[in-house]
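Reading through the structure tokens given below for one structure.
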Amino acid sequence: MRIATWNINSVVNKLDKVEAWLTSAAPDVLCLQETKCTTEAFPTEALAALGYESAAHGDGRWNGVAIVSRVGLTDVVRDLPDQPEFEGKVEPRAIGATCGGVRLWSLYIPNGREPDHAHYTYKLAWLEQLAKLGASELSTLDGAPLALLGDFNVAPTDIDVWDISVFENSTHVTPAERAAVELLPAAGFVEVAPRALKYDVAFTFWDYRQLAFPKNRGMRIDLVFGSPSFASAVTDSYVDREARKGKGTSDHAPIVVDIDV
DNA sequence: ATGCCCTATGATATAGGA
């Protein structure tokens with residue numbers, strides 16, 4: 001089974017890219033983040049024409065997540081249990097579903113903005129609640145394959161950004177953010193490390209500005225955490241940087257994970 | 001060449017992204 005995750009930066013605006021990539025990469029399941037459309041506006045019909053069911057969760061301009069599957073899509077859950085709020089609202093940043101016997105959560109972790117911003121403490125609280133969900137699902141699923149994947153907005157180590165000196169006093173690289181992500185391995189998850197198709201590190205994001213992509217000024221901030229049974233079934237994983245090339249693309253590239261289940 | 005920011009919004013500026 002082929003599973004993928006992609007921060008698409010508006011699924012409506014990038015629909016042609018999504019359709020082309022589903023056809024060429026042929027994933028069985030695609031987890032999307034930053035769909036930037038309401039649940040109703042998600043392009044369900046267009047993806048159904050390609051043989052995929054959709055479960056979307058969005059409320060408009062910002063955020064939004066979805067799971068698209070051609071191997072079944074059941075037990076859909078929207079939001080984390082007790083998901084932290086920002087400015088009094090639960091934002092559409094998490095959706096879970098079971099696809100072909102694999103439990104998956106498509107996740108868009110808050111950005112954090114600045115280390116002294118309320119959004120940063122929100123980000124840490126969000127990751128802590130995610131670890132609680134993970135522990136709960138590991139226990140409930142009792143060995144069935146499970147993965148938590150998406151845009152974590154955290155670079156796990158210093159080599160996961162093109163130049164760590166640029167990130168002094170920035171979010172995405174602070175010890176507290178990394179420790180909050182490390183709660184998942186502490187709960188029993190295993191990070192699935194993707195291959196890079198070029199260069200040493202499999203970056204997943206490159207800013208639109210200042211030739212960041214051709215200069216490979218990127219960040220590895222989209223991550224996949226598998227349950228032990230999921231991780232041991234992985235046969236390959238890579239970041240498809242080809243999808244970042246050209247105009248009208250997302251600023252993130254998709255991660256592909258192949259598992260033998 | 002992978003090439004000099006992009007998204008959605010009751011829009012003609014703004015907030016958010018990372």
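First the proteins, then the strands, lettered A, B, ... as listed; each starts at 1.
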Quiz prompt | Separation of atom CG in Leu211(A) from atom P in dC4(B), rounded to whole Å | solution = 7 Å
Self-check item: Inter-nucleotide C1' distance (dT12(B), dA8(B)), Å rounded
Solution: 14 Å
Quiz item: Between Asp59(A) (CG) and dA8(B) (C1'), how many Å, whole number?
Solution: 13 Å
Quiz prompt | Listed once per pair and sorted, the ring-ring contact (aromatic ring centres under 6.0 Å, His included) pairs that draw on residues 23-70 of chain A, sequence neighbours left out | solution = none
Self-check item: Within residues 236-244 of chain A: residues closer than 4.0 Å to DNA chain B (heavy atoms)
Solution: Arg241(A)
Practice problem: List for me each residue that meets side-chain contact (heavy atoms from CB on, under 4.5 Å) alongside Pro145(A), sequence neighbours excluded, and say none if there are none. | Solution: Val102(A), Ser229(A), Phe230(A)
Practice problem: Take atom NZ of Lys247(A) and atom C1' of dT7(B), then tell me their distance rounded to the nearest Å. | Solution: 14 Å
Self-check item: Side chain Tyr108(A), main chain Gly64(A), donor-acceptor under 3.5 Å
Solution: no
Self-check item: Nucleotide dT7(B), atom P - distance to CD of Gln33(A) in whole Å
Solution: 18 Å
Quiz item: Could you write nucleotides 10-18 of chain B as a row of B, S and -, 5' to 3', where a protein heavy atom under 4.0 Å of any base atom gives B, of only sugar-phosphate atoms gives S, and otherwise -?
Solution: ----BBSSB
Practice problem: Quickly, which of Asp222(A), Asn9(A), Thr5(A) forms a side-chain hydrogen bond (donor to acceptor under 3.5 Å, both in side chains) with His252(A)? Name it, please. | Solution: Asp222(A)
Quiz item: Who pairs with Lys123(A) by side chain to side chain donor-acceptor pair (under 3.5 Å), at least two apart in sequence or on another chain?
Solution: Glu177(A)
Practice problem: Could you work out the separation of dC6(B) and dA1(B) based on their C1' atoms and round it to a whole Å? | Solution: 22 Å
Practice problem: Please work out if Lys14(A) contacts a base, only the sugar-phosphate, or nothing of the nucleic acid, heavy-atom cut-off 4.0 Å. | Solution: sugar-phosphate
Quiz item: With sequence neighbours left out, what residues match Ala144(A) under side-chain contact (heavy atoms from CB on, under 4.5 Å)?
Solution: Leu141(A)
Quiz item: Got a sec, which residues hit side chain to side chain donor-acceptor pair (under 3.5 Å) with Thr39(A), two or more places apart in sequence or on another chain?
Solution: none
Self-check item: Set of side-chain contact (heavy atoms from CB on, under 4.5 Å) partners for Ala179(A), sequence neighbours left out
Solution: none
Quiz item: Other than Phe203(A), which residues form its hydrophobic cluster under the rule that side-chain heavy atoms must be closer than 4.5 Å?
Solution: Ile159(A), Val161(A), Trp162(A), Ile164(A), Val166(A), Phe167(A), Val173(A), Val201(A), Phe205(A), Trp206(A), Phe213(A), Met219(A), Ile221(A)
Practice problem: Could you measure between the two P atoms, the one in dT7(B) and the one in dA18(B), and give it in whole Å? | Solution: 14 Å
Show which side-chain atoms of residues 124-137 of chain A pair as donor or acceptor with protein atoms under 3.5 Å away, not counting sequence neighbours.
unit_1, atom_1, unit_2, atom_2, d
Gln129(A), NE2, Pro81(A), O, 3.2
Glu137(A), OE1, Arg103(A), NE, 3.3
Glu137(A), OE1, Trp105(A), NE1, 2.7

Quiz item: Glu242(A): what forms a side-chain contact (heavy atoms from CB on, under 4.5 Å) with it, not counting sequence neighbours?
Solution: Asp240(A), Lys245(A)
Quiz item: With a 4.0 Å cut-off on heavy atoms, is Gly60(A) in touch with a base, just the backbone sugar-phosphate, or nothing at all?
Solution: nothing
Quiz item: For atom C1', what is the distance between dT9(B) and dC4(B), given to the nearest Å?
Solution: 26 Å
Quiz item: Taking the P atom of each, how far is dG10(B) from dC5(B), in whole Å?
Solution: 27 Å
Quiz item: Near DNA chain B, under 4.0 Å by heavy atom, which residues of residues 156-164 of chain A?
Solution: none
